[in-house]
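Below is one structure; the comments refer to it alone.
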Amino acid sequence: VLLAAYVGYLGLGAAVLQALERPAEVQAARHLLREYWELLANHTCLQGPALLRFIEGTIQAYKSGITLEGNTTSLGRWDYSGSFFFSISAITTIGYGNLSPSTAAGRIFCIMFALFGIPLNLVLLNEIGQLMLLGVQHWAHCLEEVFHWPNKASFLMKTCALVTGLLLFLLLPPLLFSEKEGWSYEEGFYYSFITLSTIGFGDYVIGMNPDRTYPSWYKNVISLWILFGMAWLALVIKFGISILE
């Protein structure tokens with residue numbers, strides 16, 4: 001029964017996503033093809049195969065963090081702050097996919113780094129989660145002693161912890177992303193949940209827009225937000241698991 005419910009849930013999700021996203025995909029494909037033929041028609045000196053090779057090279061360069069700016073190129077994804085952020089996305093298993101090692105040595109190091117880093121990250125997240133849980137239990141015990149609420153105190157503190165976590169990790173960060181990245185609130189909220197749940201699609205990643213200047217503290221603060229936010233969301237998910245079980 002559980003397996004049937006699992007497969008049914010996946011099937012339902014696939015059907016809804018197909019209904020929502022397929023029309024936009026078809027429209028984008030038609031628009032791209034129309035732009036391609038218009039470009040060839042307006043610039044007869046261009047040849048189709050050569051243009052396609054240039055487009056493919058541009059896409060690969062963009063995936064590596066290199067963009068054209070006039071007659072020069074912009075770098076910056078593999079500076080120290082970018083590399084630090086990649087390290088976090090690797091050992092937290094977020095794996096955005098927008099940035100990856102391109103050298104054999106880098107890939108080998110990434111394997112070894114993640115092999116030891118993922119267990120270290122899980123241990124740290126578990127310790128942070130336990131500290132959060134102990135804090136909630138401590139304040140619930142204090143309320144019980146002061147107001148003599150044996151059952152209400154625990155429920156009240158769990159509710160406060162849930163609301164505080166929602167504010168700190170899901171509801172307020174999109175405001176920062178709107179200011180620094182130019183995203184809408186919905187896009188920032190989407191990025192927050194996709195990141196903290198370690199889904200990490202990579203369609204939205206902070207600090208990657210070459211047209212924007214980011215403060216030096218930005219990625220460091222986001223790294224701490226990811227660490228504590230993942231611990232908080234793990235507790236929420238664990239609570240959801242207990243309810244389902």
Side-chain angles (χ1 to χ4, degrees), residues 1-33 59-60 62-63 85-101 107 110-111 113-115 117-126 128-130 132-133 158-159 161-163 165-174 177 181 183-206 208 222-223 225-245:
V1 172
L2 182 61
L3 179 60
Y6 181 82
V7 175
Y9 189 76
L10 290 176
L12 176 63
V16 173
L17 286 171
Q18 182 184 20
L20 294 175
E21 298 295 331
R22 183 66 174 179
E25 181 187 36
V26 172
Q27 184 179 359
R30 291 174 178 172
H31 178 73
L32 176 62
L33 190 60
I59 292 173
Q60 291 298 324
Y62 181 79
K63 289 181 178 179
F85 192 73
F86 170 80
S87 300
I88 290 180
S89 70
I91 66 172
T92 55
T93 70
I94 295 174
Y96 288 115
N98 69 311
L99 188 62
S100 58
R107 290 168 184 157
C110 185
I111 293 172
F113 182 75
L115 186 64
I118 290 174
L120 177 63
N121 175 72
L122 292 176
V123 170
L124 179 61
L125 288 181
N126 183 61
I128 293 175
Q130 291 300 320
M132 290 180 176
L133 192 59
K158 288 179 180 179
T159 303
L162 179 62
V163 172
L166 281 172
L167 286 172
L168 290 178
F169 302 120
L170 288 179
L171 298 179
L172 293 180
F177 299 142
E181 305 290 342
W183 299 341
S184 66
Y185 185 86
E186 176 271 329
E187 290 172 328
F189 183 82
Y190 167 80
Y191 166 77
S192 299
F193 180 79
I194 292 299
T195 294
L196 298 184
S197 61
T198 72
I199 297 173
F201 288 124
D203 48 353
Y204 289 91
V205 184
I206 59 103
M208 296 299 176
I222 298 303
S223 299
W225 166 75
I226 289 175
L227 190 63
F228 286 94
M230 284 180 60
W232 171 80
L233 191 59
L235 288 178
V236 175
I237 292 174
K238 185 183 294 185
F239 179 69
I241 291 173
S242 64
I243 293 176
L244 287 174
E245 288 180 340

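For the atom pair CD1 of Ile88 and CE of Met230, the computed distance is 10.5 Å after rounding to the nearest 0.5 Å. Of the inter-residue distances, the one linking Glu181 atom CD with Tyr191 atom OH reads 8.0 Å to the nearest 0.5 angstrom. Atom CG of Leu124 and atom OG1 of Thr92 lie 11.5 Å apart (nearest 0.5 Å). Interatomic distance, CD1 of Ile128 versus CG of Leu235, reported as 10.5 Å (0.5 Å rounding). To the nearest 0.5 Å, the span separating CH2 on Trp232 from CD1 on Ile237 amounts to 9.0 Å. Of the inter-residue distances, the one linking Ile118 atom CD1 with Phe113 atom CZ reads 10.0 Å to the nearest 0.5 angstrom.
Shown here for Ala231 and Gly129, the closest heavy-atom pair between the two residues is CB-N, 4.1 Å. The nearest pair of heavy atoms linking Cys110 to Pro101 is CB-CG, 4.1 Å. The shortest heavy-atom contact between Ile199 and Phe193 is CD1-CE2, 4.4 Å. Listed here is the closest heavy atom pair of Ser223 and Phe85: OG-CD1, 4.1 Å. Closest approach of Val205 to Trp183, counting heavy atoms only: O-CZ2, 3.7 Å. Minimum heavy-atom separation, Leu196 to Leu170: CD1-CD2, 4.2 Å.
Within a 6.0 Å sphere centred on OH of Tyr185, heavy atoms belonging to other residues, nucleotides or ligands number more than 12.
Between Phe177 and Trp225, the ring planes are perpendicular. Angles over 60° get that label, and only those under 30° would be called parallel.
Side-chain contact check for Leu171 versus Phe189: some heavy-atom pair is nearer than 4.5 Å. A 4.5 Å side-chain heavy-atom check between Leu2 and Tyr6 finds every atom pair outside the cut-off. At least one side-chain heavy atom of Asp203 sits under 4.5 Å from a side-chain heavy atom of Tyr190. Residues Asn121 and Leu227 are in side-chain contact: their nearest non-hydrogen atoms beyond the backbone lie under 4.5 Å apart.
In summary, the side chains of Thr195 and Tyr96 do present a donor paired with an acceptor at a separation below 3.5 Å, with no hydrogens or angles considered.
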